[in-house]
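Numbers for residues simply follow the sequence, beginning at 1.
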Amino acid sequence: MKATQYGGLLNEINKCAIKIGNYGTIYSRILPDISDQKSASYTDETGIGRAMPFKSYQHSDNRTIGWTAHYIVTQKDDIQKFLGEIKLIQSAVYPRQSNTLTPFTPPQICELSCGRLLDAYDMESDETGSKRVYAVMKSYNIKYDTSVPWDEETMLPYKFDIDMQFEVVHDQSNLPNADKIITDS
């Protein structure tokens, strides 16, 4: 796949996207920086006559995905598109208005996909063949680069990054375990 079109415009990477509920999908034009972390918690158990304690498994912690989206304005239309994507990302940490007796419902669940980088046993393939993982956005941080030109009307710099932190969520009937992770192909 070519990264650019004739004339230098960046192509969207259709296998690398963040879908925020029913609100919309953001396709990357530049491969994002992705980190994927999960850990297990153990406690030390002692016994009489042991030279050292043994480890007792307690639980696994949340799988956390860090995603840094890179934005570069290459044409005037990008400015309004990117401002819309900023609002879409921001919406993923705010509650939604409810039509029931409760005033609010939780924020939208996000679907993350980037080829096979986020593979897991329970992931579904999307229309591009990419695997997708369901996650809740825990935080975002926008870093506007002031060393580049900016749009005079909106003040949006022509280059900026958005750091996002997600925690993966699973259907309760299909929780991960080591055998499922190892046998996934």
Side-chain angles (χ1 to χ4, degrees), residues 1-37 62-99 103-120 123-169:
M1 177 181 144
K2 293 183 179 180
T4 59
Q5 301 171 18
Y6 180 76
L9 298 178
L10 295 170
N11 285 322
E12 287 185 341
I13 306 169
N14 64 354
K15 290 186 176 187
C16 197
I18 300 172
K19 181 179 180 197
I20 300 177
N22 297 324
Y23 292 151
T25 303
I26 298 169
Y27 292 96
S28 297
R29 292 184 179 178
I30 300 169
L31 194 63
D33 293 325
I34 295 176
S35 63
D36 191 348
Q37 178 184 359
N62 292 322
R63 180 181 177 195
T64 303
I65 295 174
W67 185 296
T68 301
H70 306 287
Y71 288 86
I72 297 176
V73 174
T74 58
Q75 58 186 352
K76 188 73 172 164
D77 293 344
D78 288 344
I79 294 167
Q80 290 306 314
K81 177 180 171 56
F82 292 166
L83 287 171
E85 290 183 4
I86 289 170
K87 296 293 184 197
L88 186 58
I89 289 167
Q90 290 171 332
S91 76
V93 294
Y94 284 92
R96 295 172 288 151
Q97 199 163 4
S98 176
N99 294 331
F104 295 101
T105 58
Q108 293 278 354
I109 295 201
C110 302
E111 296 176 33
L112 311 176
S113 63
C114 200
R116 298 284 311 262
L117 297 182
L118 300 174
D119 265 3
M123 296 172 60
E124 299 173 17
S125 293
D126 64 14
E127 59 277 355
T128 67
S130 258
K131 295 282 192 165
R132 64 180 173 214
V133 64
Y134 296 97
V136 292
M137 186 183 294
K138 296 287 288 184
S139 66
Y140 70 87
N141 181 26
I142 304 173
K143 294 184 270 185
Y144 296 110
D145 189 345
T146 59
S147 66
V148 298
W150 62 89
D151 178 60
E152 289 183 6
E153 181 182 329
T154 63
M155 303 304 291
L156 183 71
Y158 289 168
K159 180 184 178 304
F160 62 96
D161 295 325
I162 304 177
D163 293 325
M164 294 165 272
Q165 293 295 317
F166 298 91
E167 285 186 1
V168 174
V169 293

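Closest of all the heavy-atom pairs between Ala92 and Ile20 is CB-CG2, 4.0 Å. When all heavy atoms of Gln108 and Gly21 are compared, the closest pair comes out as OE1-CA, 3.0 Å. Closest heavy-atom contact between Pro157 and Val73: O-CG2, 4.2 Å. For the residue pair Phe104 and Pro95, the shortest heavy atom distance occurs at CB-CB, 3.9 Å. Taking both residues in full, the closest heavy atoms of Pro32 and His70 are given as CA-CD2, 4.2 Å, listed atom of the first, atom of the second, then distance.
In this structure, Ile109 CD1 and Asn22 CG are separated by 11.0 Å, a value rounded to the nearest 0.5 Å. A distance of 5.5 Å separates CG of Leu112 from CD1 of Ile65, quoted to the nearest 0.5 Å. In this structure, OG in Ser113 is found 11.0 Å from CD1 in Ile13, a value given to the nearest 0.5 Å. With rounding to the nearest 0.5 Å, the separation of CG in Asn11 from CD1 in Ile30 is 12.0 Å. With rounding to the nearest 0.5 angstrom, the NZ atom of Lys159 is 11.0 Å from the OG1 atom of Thr146. A distance of 3.5 Å separates CD1 of Ile162 from CD1 of Ile89, quoted to the nearest 0.5 Å.
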Start with the C-alpha distance between Cys114 and Leu31, add both sets of side-chain angles, then the distance that settles side chain to side chain contact (heavy atoms under 4.5 Å, CB included), and finish with yes or no. CA-CA 9 Å; Cys114 200; Leu31 194 63; 3.8 Å; yes

Quick one: do Thr64 and Lys138 satisfy side chain to side chain contact (heavy atoms under 4.5 Å, CB included)? Show the steps, please. CA-CA 9 Å; Thr64 303; Lys138 296 287 288 184; over 6 Å; no

Derivation of the side chain to side chain contact (heavy atoms under 4.5 Å, CB included) call for Arg63 and Val133: CA-CA 11 Å; Arg63 180 181 177 195; Val133 64; 4.1 Å; yes

I'd like to know whether Cys110 forms a side chain to side chain contact (heavy atoms under 4.5 Å, CB included) with Trp67, so could you lay out the CA-CA distance, the side-chain angles of the two residues, the decisive distance to 0.1 Å, and finally the verdict. CA-CA 12 Å; Cys110 302; Trp67 185 296; over 6 Å; no

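Annotation: side chain of Pro107 is not in contact with side chain of Val93 (no heavy-atom distance under 4.5 Å). Between Phe166 and Ile18 there is a side-chain heavy-atom pair separated by less than 4.5 Å. Looking at heavy atoms from C-beta onward, Gln165 lies out of side-chain contact with Asn141 at the 4.5 angstrom threshold. With contacts defined as side-chain heavy-atom distances shorter than 4.5 Å, the pair Glu153/Ile79 does not qualify.
By the salt bridge (charged side-chain N to carboxylate O under 4.0 Å, His left out) test, Asp151 pairs with Lys76, sequence neighbours left out. Applying the side chain to side chain donor-acceptor pair (under 3.5 Å) rule to Ser147 yields the partners Asp145; only residues at least two apart in sequence or on another chain are considered. With sequence neighbours excluded, the residues satisfying side chain to side chain donor-acceptor pair (under 3.5 Å) with Glu167 are Asn62. Residues that satisfy the side chain to side chain contact (heavy atoms under 4.5 Å, CB included) test with Glu85, not counting sequence neighbours, are Ile26, Tyr71, Lys81, Phe82. With sequence neighbours left out, the side chain to side chain contact (heavy atoms under 4.5 Å, CB included) criterion links Tyr94 to no other residue. Applying the side chain to side chain contact (heavy atoms under 4.5 Å, CB included) rule to Lys19 yields the partners Thr25, Glu111; only residues at least two apart in sequence or on another chain are considered. Shown here are the ring-ring contact (aromatic ring centres under 6.0 Å, His included) partners of Tyr144, two or more places apart in sequence or in another chain: Phe160. In this view, Thr68 and Asp163 satisfy the side chain to side chain donor-acceptor pair (under 3.5 Å) rule, not counting sequence neighbours. Annotation: side chain to side chain contact (heavy atoms under 4.5 Å, CB included) contacts of Gln90 (sequence neighbours excluded): Ile86, Lys87, Tyr140, Ile142.
With hydrogens and angles ignored, the 3.5 Å screen pairs a side-chain donor or acceptor of Arg96 with a backbone N or O of Pro106.
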